[in-house]
Amino acid sequence: MGKSFEEYQKEKREREWKDKVKKKKESMGNQQRFDTATNYKGIGNDKFKAGNRSEAIEYYREAVEYVKDLTNAWKKDRDPLLLSLYCNLSLCYFREGDFPAAEEAANEAVKVPGESAKAHYLRGRARMKLDEWEKAKSDLQVALKLQPSNTEAQQALEEVKQACAEENRKAKEVFGGFMQRKKDASAKVDPAEEAAKQAAAEAAAAERAARAAAEKKAQEAAEKKALEEEKQRMAQAFDKLATKPGLYDDREKEMEPVREKLKQEDQRLDLERNLLNIIDESEGKPQCPDLDDYRVKREKMAWDQEDQLQAKKRILKKLDREKEWSEQDEWRATADQIKARKQDEQRQRPRSTDWEEKDVLKWCQQEIRSRLHRLSCQSPEKENVVAAVVDATKVDGEAIVWVRGERRIRWIELTLKLEWEVGVEGARYRSAQDQIKSAAAGSYDAPDFVLEDAVVWGSFRLPELSEDTRAECKGQWPVVTKQRKTTAAAVDVKSADAAVELLRQKVVLELESFFESLLSTF
């Protein structure tokens with residue numbers, strides 16, 4: 001059976017909601033995600049207390065999305081918050097009468113590490129409403145075992161026990177009736193009595209059929225009468241309108257300035273179209289024969305201008321980053337000299353017993369960029385297809401090392417985003433200055449790509465670069481690939497995908513090498 005329109009709309013809204021939350025989550029660090037989830041829980045609690053349960057559900061659901069996949073480094077803070085959110089969701093769904101959703105939310109609460117009496121109680125209550133008495137009984141018993149003083153759970157368990165007893169009684173009656181019928185069937189049957197029973201049953205069936213036919217006839221008569229009355233009311237309404245020809249005169253007068261304005265707008269657009277046709281004719285380009293075609297073309301031109309504006313913004317941001325990278329390279333050379341001098345001085349003086357804090361974020365940013373920027377590889381499918389990292393748009397987070405003598409304590413938590421492109425072998429890499437020069441030498445349109453003749457553009461993302469993530473993934477960093485744009489040029493999809501995947505693997509290896517360098521340096 002196909003889905004209804006309402007079901008399709010519900011699924012569409014859910015997909016759009018998840019996409020929106022995913023984008024917001026990707027722009028946050030772990031601390032910001034946790035803080036936002038905590039804040040949303042508080043807002044949801046206020047909404048629930050005010051009786052606005054539907055909005056409370058939305059806040060709780062979004063808060064769950066922010067914290068449910070936080071790494072085990074956040075386990076101590078993550079699990080209590082997640083348990084509370086799922087329990088609140090289950091309670092909201094229960095009060096709204098959505099018992100399957102209440103059970104599902106309670107299921108998630110039960111899965112959170114650590115036994116929770118509240119989670120089992122809420123799941124038991126939801127299962128009572130779904131007539132799953134045995135499962136509800138089991139949940140409520142666990143809740144009482146964990147919290148014997150829970151009077152609500154005790155009362156609910158009594159209700160469940162009564163319901164189970166009632167079901168057992170009905171089952172015995174059904175089974176007993178079946179055995180009695182079987183016993184009666186084995187007894188001797190009187191033909192005359194059997195014939196009388198059959199005649200009575202046929203008469204009752206005929207009576208029921210006659211009654212149903214009479215009810216159907218009466219219903220059809222009532223529907224026909226209602227239809228006639230509706231037709232009569234509509235006719236009276238039209239007659240009333242016909243007798244008042246000036247009913248919409250005021251509205252017509254109000255619309256005259258609007259129509260005049262639309263007419264002037266059409267005249268202006270038609271003048272634009274004629275001028276543009278003269279220019280296009282001189283350049284040998286196709287012309288717009290009518291106003292509707294020009295409107296479509298004008299809208300396309302507006303979108304093209306928007307794309308150009310975004311391309312120019314990307315180039316200006318890249319220009320700023322390249323300037324910052326140049327400063328970082330100079331800083332790195334100076335920093336290495338200063339570090340060597342400090343090490344010599346430290347060897348000559350007594351060791352300090354105090355912890356020294358070092359902010360190594362700038363070092364990490366420069367090291368990652370120098371390793372990954374312009375990293376490239378050939379496609380194993382076609383040698384003339386090349387993928388390359390063309391920009392490091394985001395290397396943010398925290399990188400701190402505490403030092404005391406030979407002891408080290410490190411706190412590394414970075415977020416990484418790289419831009420990659422696929423082009424043909426020999427495609428020249430263009431800096432931001434090169435892209436500006438290319439635009440100035442041509443039509444002044446900003447290039448969409450860094451590589452000349454690039455065909456595909458996308459990004460690599462790593463939400464968390466930390467020692468905890470490294471331990472979990474065992475050096476196989478979970479770098480996510482996302483394709484964003486493809487040119488109109490013919491693309492060998494298989495070769496391009498193979499090149500991007502090989503590049504992703506090289507990025508993973510370089511990140512592991514970077515981390516080893518970090519541990520050996522600090």
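Numbering starts at 1 and runs along the sequence shown. Source: prediction; values computed, not measured.
In this structure, Asn277 contributes its side chain and Cys288 its backbone to a donor-acceptor pair below 3.5 Å. Listed for the Arg123 side chain is no donor-acceptor partner under 3.5 Å among the backbone atoms of Ala109. With Glu421 contributing its side chain and Leu451 its backbone, the two residues share a donor-acceptor pair below 3.5 Å. Looking only at distances, a side-chain donor or acceptor of Lys506 sits under 3.5 Å from a matching main-chain atom of Ser376. Side chain of Ser90 to backbone of Tyr86: no donor-acceptor contact under 3.5 angstrom is found. Side-chain N or O atoms of Trp420 include none that pairs as donor or acceptor with a backbone N or O of Ala388 at under 3.5 Å. Between the Thr521 side chain and the Leu518 main chain, no donor and acceptor come within less than 3.5 Å of each other. Without hydrogens or angle criteria, Thr71 side chain to Thr469 main chain gives no donor-acceptor distance under 3.5 Å. Looking only at distances, no side-chain donor or acceptor of Arg78 sits under 3.5 Å from a matching main-chain atom of Val67. Checked by atom type and distance alone, the side chain of Glu103 never pairs as donor or acceptor with a backbone atom of Ala126 at under 3.5 Å.
A salt bridge links Lys24 and Glu62; the closest N-O separation between the charged side-chain nitrogens and carboxylate oxygens is under 4.0 Å. The residues Lys217 and Glu220 are annotated as not salt-bridged, no charged nitrogen and carboxylate oxygen being separated by less than 4.0 angstrom. Using a 4.0 Å cut-off between charged nitrogen and carboxylate oxygen, Glu265 and Arg268 count as a salt-bridge pair. Of the charged side-chain nitrogens involved, at least one lies within less than 4.0 Å of a carboxylate oxygen, so that Asp292 and Arg295 count as a salt-bridged pair.
No side-chain heavy atom of Glu357 sits less than 4.5 Å from a side-chain heavy atom of Trp411. Between Cys87 and Leu83, the closest side-chain pair of non-hydrogen atoms falls below 4.5 Å. Residues Leu416 and Leu465 form no side-chain contact, since every pair of their non-hydrogen atoms from C-beta on lies 4.5 Å or further apart. Looking at heavy atoms from C-beta onward, Glu229 lies in side-chain contact with Lys225 at the 4.5 angstrom threshold. Put simply, the side chain of Phe460 does not reach to within 4.5 Å of the side chain of Val480, judged on heavy atoms. At least one side-chain heavy atom of Pro478 sits less than 4.5 Å from a side-chain heavy atom of Leu462. Counting only heavy atoms from C-beta outward, the side chains of Gln366 and Lys362 never approach each other to under 4.5 Å.
Of all non-hydrogen atoms in Cys377 and Ala499, the two that sit nearest each other are SG-O, 3.5 Å. When all heavy atoms of Arg369 and Ala392 are compared, the closest pair comes out as CG-CB, 4.4 Å. Contact between Tyr66 and Ala37 at its shortest, heavy atoms only, is CB-CB, 4.2 Å. Among all heavy-atom pairs drawn from Gly44 and Ala56, the shortest one is O-CB, 3.4 Å. Between Cys92 and Arg53, the shortest heavy-atom distance links the atoms O-CD, 4.1 Å. Val422 and Ala496 make their closest contact through CG1-CB, 4.1 Å (heavy atoms, listed as atom of the first residue, atom of the second, distance).
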### Working for salt bridge (charged side-chain N to carboxylate O under 4.0 Å, His left out), residues Lys297 and Asp280
CA-CA 13 Å; Lys297 183 176 181 178; Asp280 288 342; 2.8 Å; yes
#### Entry: Verdict with reasoning, Lys111 to Glu108, per salt bridge (charged side-chain N to carboxylate O under 4.0 Å, His left out)
CA-CA 5 Å; Lys111 291 178 185 176; Glu108 296 300 324; 3.4 Å; yes
### Task
I would like to know whether Gln232 and Glu228 meet side-chain contact (heavy atoms from CB on, under 4.5 Å); could you show each step before the answer?
CA-CA 6 Å; Gln232 188 175 0; Glu228 291 295 331; over 6 Å; no
### Message
Applying side-chain contact (heavy atoms from CB on, under 4.5 Å) to Leu375 and Leu503, what does each step give before you reach the verdict?
### Response
CA-CA 8 Å; Leu375 184 69; Leu503 181 62; 4.2 Å; yes
### Message
Go through it in stages, so that I can follow the logic: the residues are Met234 and Glu230, the test is side-chain contact (heavy atoms from CB on, under 4.5 Å), and I'd like the CA-CA distance, side-chain angles, deciding distance and then a yes or no.
### Response
CA-CA 6 Å; Met234 291 295 293; Glu230 183 65 22; 4.1 Å; yes
### Query
Does the pair Asn39 and Ile43 meet the rule for a side-chain contact (heavy atoms from CB on, under 4.5 Å), with working shown?
CA-CA 6 Å; Asn39 183 38; Ile43 297 174; 4.0 Å; yes
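The line from CG of Leu81 to OG1 of Thr38 is 5.0 Å long, rounded to the nearest 0.5 Å. A distance of 7.0 Å separates NZ of Lys358 from CZ of Phe522, quoted to the nearest 0.5 Å. Residue Leu414 holds its CG atom at 8.5 Å from CG of Asp396, rounded to the nearest 0.5 Å. One distance of note links NZ of Lys47 with CG of Asn45; it measures 12.5 Å at 0.5 Å rounding. Atom CG of Asp391 is separated from atom NZ of Lys417 by 9.5 Å, given to the nearest 0.5 angstrom. Atom CD in Gln287 sits 9.0 Å away from atom CG in Leu276 (nearest 0.5 Å).
Residues satisfying the side chain to side chain donor-acceptor pair (under 3.5 Å) test with Asp270, not counting sequence neighbours, are Arg273.
Note: Trp74 and Phe34 have tilted aromatic rings, judged against thresholds of 30 and 60 degrees for the angle between ring planes.
Summarising the local packing, CD of Glu104 is surrounded by 12 or fewer heavy atoms from other residues, nucleotides or ligands at distances under 6.0 Å. The environment of Tyr59 atom OH is sparse: at most 12 non-hydrogen atoms of other residues, nucleotides or ligands sit within 6.0 angstrom.
In this model, a donor atom of one side chain and an acceptor atom of the other lie less than 3.5 Å apart for Glu501 and Gln505.
A cation-pi arrangement, defined by a distance under 6.0 Å to the six-membered ring centre and an angle within 45 degrees of its axis, is present between Arg61 and Trp17.
A ring-centre distance under 6.0 Å is not found for Tyr60 and Tyr40.
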Please report, to 0.1 Å, the donor-acceptor pairs under 3.5 Å made by any side chain of residues 507-516, with sequence neighbours excluded.
| unit_1 | atom_1 | unit_2 | atom_2 | d |
| --- | --- | --- | --- | --- |
| Glu510 | OE1 | Arg371 | NH1 | 3.4 |
| Glu512 | OE1 | Arg470 | NE | 3.3 |
| Glu512 | OE1 | Trp477 | NE1 | 3.2 |
| Glu512 | OE2 | Arg470 | NE | 3.1 |
| Glu512 | OE2 | Arg470 | NH2 | 2.6 |
| Ser513 | OG | Arg371 | NH1 | 2.9 |

